[in-house]
Protein chains: 2
Amino acid sequence: MKQVVELLRTHAIQPSAQRVAVANYVLVTKEHPTAEQVFHAVTATFPTLSRATVYNTLHLFVKKGLLKQFALTEGVSVFDPHVEPHHHFVDDETGAIVDIPWDRIRVEGADDLPGIDVRDFQVVIRGKRHRRRTTNKAT
Amino acid sequence: MKQVVELLRTHAIQPSAQRVAVANYVLVTKEHPTAEQVFHAVTATFPTLSRATVYNTLHLFVKKGLLKQFALTEGVSVFDPHVEPHHHFVDDETGAIVDIPWDRIRVEGADDLPGIDVRDFQVVIRGKRHRRRTTNKAT
DNA sequence: AGCGACATTTGGAATAAGTCCAAAGTTGGA
DNA sequence: TCCAACTTTGGACTTATTCCAAATGTCGCT
């Protein structure tokens, strides 16, 4: 908890109560929440928090490099505290988003495209998670 | 023009005037338009077309396999008549989206992830286009 | 402790993208 | 011709997000 305050300070962010509350959720989660989900999660413990502040704070964290913002599903942005390069899997059935480690996938040629100054890239995978592999037949 | 009617028929789509008008734009463009952009482009020649019909038609085309829908920029979907697997480059400065041929990039390991039934994947590249090298083309 | 300057938060209005709906229009085939 | 199914439409509604001006909080200085 306390180290979040330090983390914000080292990123030149004033650690207001609201920002600390948002940080304590969004900088830790692996769920790739939308802004709305952040709002719901944080208002549980900080009921006076406003939506506008959630948006302000998320965008500030993105600007300061504490978060990444991704467009992986239609209509909404999701936020991810995992700021190092990595890939994403999107479960078509549930909408769940899962990080895929950078080294798990080998990509060749993406940063060497004519006329393009590549800032970053990632592989986006869609599909479904399959049921646990067991020797039982479940039907 | 006429072959669009045939194309719709072979995909079990009744070729109404509205659908043909939308098809003549969206099945040909390389611009990755949003629904709103389709609406604007097509109402230029078919002024009575409604937004609802544009959405209905785009979704129908997606369902019938004539279009792909992608979430590449925040908040909006774009539509792409290029339905074969390929990658995308998104220009950060202009928002322009450009297809990258499948074979231009080699990806290894994306379809072999534990617990995941991969339906498809693509590389999404972000950056900016750099100055054109003496491409002379009439504007 | 008080003050001013600045930063931050807030609720609500505004905007944008998309969905939903019931009524009206169109069409193909018996 | 007529009808049942299909298609289109405008408008209301929802959801995500931005914008704004007022209120509140913070900090350094005296």
- [ ] Return yes if a side-chain donor-acceptor contact under 3.5 Å exists between A:Q18 and A:T53, otherwise no.
- [x] no
Open item on the list: B:I125 and side chain to side chain contact (heavy atoms under 4.5 Å, CB included): which single residue from A:D120, A:L113, A:V107, A:D111 fits?
Closed with: A:L113
Task: Side-chain N,O (A:T53) to OP1/OP2 (C:dT9) below 4.0 Å - done: no
Open item on the list: Between B:E74 and A:Q69, do the side chains contain a donor N or O and an acceptor N or O under 3.5 Å apart?
Closed with: yes
- [ ] State whether the side chain of B:T29 and the backbone N or O of B:V26 hold a donor-acceptor pair below 3.5 Å, judged by distance alone.
- [x] no
Task: Position toward the 5' end of DNA chain D (nearest nucleotide), B:S50 or B:I13 - done: B:I13
Open item on the list: Using modelled atom types and a 3.5 Å cut-off, is there a donor and acceptor pairing between side-chain atoms of A:R129 and backbone atoms of B:D117?
Closed with: no
Tabulated below should be each protein N or O lying under 3.5 Å from an N or O of nucleotides 23-30 of chain C; please produce it.
none

- [ ] Report yes or no: does B:H32 contribute a side-chain atom to a donor-acceptor pair with the main-chain N or O of B:K30 at less than 3.5 Å?
- [x] yes
Open item on the list: Classify the ring geometry of A:W102 against A:F121: parallel below 30°, tilted from 30° to 60°, perpendicular beyond 60°.
Closed with: tilted
Open item on the list: Reading DNA chain D in the 5' to 3' direction, which nucleotide is the first one with an atom under 4.0 Å from a heavy atom of chain A, and which is the last?
Closed with: D:dA16 to D:dC19
What's touching nucleotides 15-19 of chain C from the protein side, N or O pairs under 3.5 Å?
| unit_1 | atom_1 | unit_2 | atom_2 | d |
| --- | --- | --- | --- | --- |
| C:dG18 | OP1 | B:S77 | N | 3.1 |
| C:dG18 | OP2 | B:Y55 | OH | 3.0 |

- [ ] Check the angle between the aromatic planes of A:H59 and A:Y55 and answer parallel, tilted or perpendicular using the 30° and 60° thresholds.
- [x] tilted
Open item on the list: Would the distance check show the side chain of A:H130 and the main-chain N or O of A:K128 forming a donor-acceptor pair, the cut-off being under 3.5 Å?
Closed with: no
- [ ] Using distance alone, with no hydrogens and no angle criterion, decide if B:Q122 and B:H88 have a side-chain donor and acceptor under 3.5 Å apart.
- [x] yes
